[in-house]
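Read through the structure below, which is laid out as structure tokens, and then see the notes.
What you see is a predicted model, and the numbers here were worked out from it, not measured in a lab.
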2 protein chains.
Amino acid sequence: MLKEIPLIDHGLEKSFEKYEKKFKALADKKRLQIMNILTKQGSTCVCDLIPIVGMPQSKLSYHLKILLDANIIIKETKGTWSYYEINMEEVNHILSEELCCILKPGNSK
Amino acid sequence: MLKEIPLIDHGLEKSFEKYEKKFKALADKKRLQIMNILTKQGSTCVCDLIPIVGMPQSKLSYHLKILLDANIIIKETKGTWSYYEINMEEVNHILSEELCCILKPGNSK
DNA sequence: CTCTTAAATCAATTATAATTGATGAACTAA
DNA sequence: TTAGTTCATCAATTATAATTGATTTAAGAG
């Protein structure tokens with residue numbers, strides 16, 4: 001039985017849109033820095049991130065939201081505090097072992 | 001001997017800038033489509049790509065340049081023709097095995 | 001040389017993303 | 001209640017990226 005090769009593969013198109021969003025989230029050095037800090041620090045609240053990353057709160061919130069919406073980080077709210085951490089499962093699914101290393105502790109030696 | 005932990009790690013900063021560029025190149029579904037076609041087709045010239053990807057020549061050239069500058073694809077010129085192909089080594093260094101699969105033949109079944 | 005084709009580049013427009021300071025919502029403590 | 005804190009969101013601006021059609025460069029063919 002012959003398999004039809006469609007001109008436009010809608011499954012792939014969906015995939016490309018999904019990965020476009022994730023790569024967009026990764027395509028910013030400030031967000032890569034945030035990810036690097038989260039991998040070093042583990043779960044961290046926004047108020048502690050502010051002095052480390054050195055950016056105003058609204059800006060940090062903006063970038064955290066982009067990473068969150070792409071499922072690259074996870075948020076957990078405890079009372080007034082919001083704790084963010086890397087979604088390691090997701091990151092490992094996207095990035096190479098080599099690249100994942102800059103997002104894992106013990107690399108910045 | 002104690003190791004100093006710098007507030008700003010310039011080595012990491014350079015890395016982040018490098019990866020920012022690569023992720024930016026990947027962060028577009030049209031470019032992911034181009035990459036997918038190049039993995040299926042192998043080395044392909046621009047004039048053959050135009051009808052496959054269905055975009056005007058100047059637009060295609062623009063997107064190919066972004067992928068080329070990020071070292072994600074390789075260009076080889078033969079006379080009037082320019083042939084492009086995936087830089088597999090680079091792609092494998094960045095992306096997970098799982099994700100590399102959408103950029104390898106035999107996946108679109 | 002001229003004519004054609006291939007592909008890159010340009011300039012102008014349009015679209016998308018990032019930054020900023022201010023405001024608002026939700027929780028805690030007094 | 002009131003005041004203080006954490007964080008998200010808003011609106012306005014600025015910056016960056018994508019799209020378009022036209023032009024340009026370069027390589028063959030005749």
Handout entry: Rounded distance in Å - CE (B:Met55) to P (C:dA8)
Key = 14 Å
Practice task
Determine, step by step, whether B:Leu99 and B:Ile94 satisfy the side chain to side chain contact (heavy atoms under 4.5 Å, CB included) criterion, reporting the C-alpha distance in whole Å, the side-chain angles of both residues, the deciding distance to 0.1 Å, and the verdict.
Solution key: CA-CA 10 Å; B:Leu99 220 168; B:Ile94 302 168; over 6 Å; no
Handout entry: For atom CD1 of A:Ile50 and atom P of D:dC7, their distance in whole Å
Key = 7 Å
Atom pairs under 3.5 Å: protein N/O with N/O of nucleotides 19-23 of chain D:
unit_1: D:dT19; atom_1: OP1; unit_2: B:Lys30; atom_2: NZ; d: 3.0
unit_1: D:dT19; atom_1: OP2; unit_2: B:His63; atom_2: NE2; d: 2.6
unit_1: D:dT20; atom_1: OP2; unit_2: B:Lys59; atom_2: NZ; d: 3.4
unit_1: D:dG21; atom_1: N7; unit_2: B:Ser58; atom_2: OG; d: 3.4
unit_1: D:dG21; atom_1: O6; unit_2: B:Ser58; atom_2: OG; d: 3.4

Handout entry: Atom-pair distance (CG on A:Asp69; C1' on D:dA8), nearest Å
Key = 12 Å
Problem - NZ/B:Lys30: more than 12 non-hydrogen atoms of other groups inside 6.0 Å - result: yes
Exercise for the section: Hey, could you give me the NZ/CD1 distance between B:Lys59 and B:Ile50, rounded to the nearest 0.5 Å? Expected result: 12.5 Å
Practice task
Find the distance B:Leu60:CG to C:dA6:P and express it as a whole number of Å.
Solution key: 13 Å
Exercise for the section: Establish whether A:Ile66 and A:Leu60 are linked, either directly or via other cluster members, by ILVMFWY side-chain heavy-atom contacts under 4.5 Å. Expected result: no
Handout entry: Length of the line joining A:Leu67:CG and D:dA8:P, which is rounded to integer Å
Key = 12 Å
Exercise for the section: Assess whether side chain to side chain contact (heavy atoms under 4.5 Å, CB included) is satisfied between B:Leu95 and A:Ser96, documenting all intermediate values. Expected result: CA-CA 5 Å; B:Leu95 303 181; A:Ser96 73; 5.9 Å; no
Handout entry: Under 4.0 angstrom between A:Lys65 side-chain N/O and D:dC7 OP1 or OP2
Key = no
Practice task
Select base, sugar-phosphate, or nothing to describe what A:Lys78 touches, counting heavy atoms under 4.0 Å on all strands.
Solution key: nothing
Exercise for the section: Calculate the interatomic distance between A:Ile73 atom CD1 and D:dC7 atom P; express it in whole Å. Expected result: 13 Å
Practice task
Taking only the side-chain heavy atoms of B:Ser61 (C-beta and beyond), determine which of C:dA7, D:dA18, D:dC7 contains the nearest atom.
Solution key: C:dA7
Practice task
First locate atom NZ of A:Lys22, then atom CD of A:Glu17, and finally report the distance between them rounded to the nearest 0.5 Å.
Solution key: 13.0 Å
Fill in the blank from the handout: When rounded to whole Å, the NZ to C1' distance for the pair A:Lys29 and D:dT16 reads 13 Å
Problem - Residue whose nearest DNA chain C nucleotide is more 5′ - A:Lys24 or A:Trp81 - result: A:Lys24
Exercise for the section: Describe the nucleic acid contact of A:Tyr83 in one word from base, sugar-phosphate, nothing, applying a heavy-atom distance below 4.0 Å. Expected result: nothing
Handout entry: Below 4.0 Å: OP1/OP2 of D:dT6 and any side-chain N or O of A:Thr80
Key = no
Exercise for the section: Return the nearest nucleotide to the side chain of A:Ile66; candidates are D:dT9, C:dA18, C:dA6. Expected result: C:dA18
Practice task
Round to a whole Å and report the spacing from CD of A:Glu76 to C1' of D:dA8.
Solution key: 18 Å
Between side-chain atoms of residues 73-86 of chain B and protein atoms elsewhere (two or more places apart, or another chain), which donor-acceptor pairs fall under 3.5 Å?
none

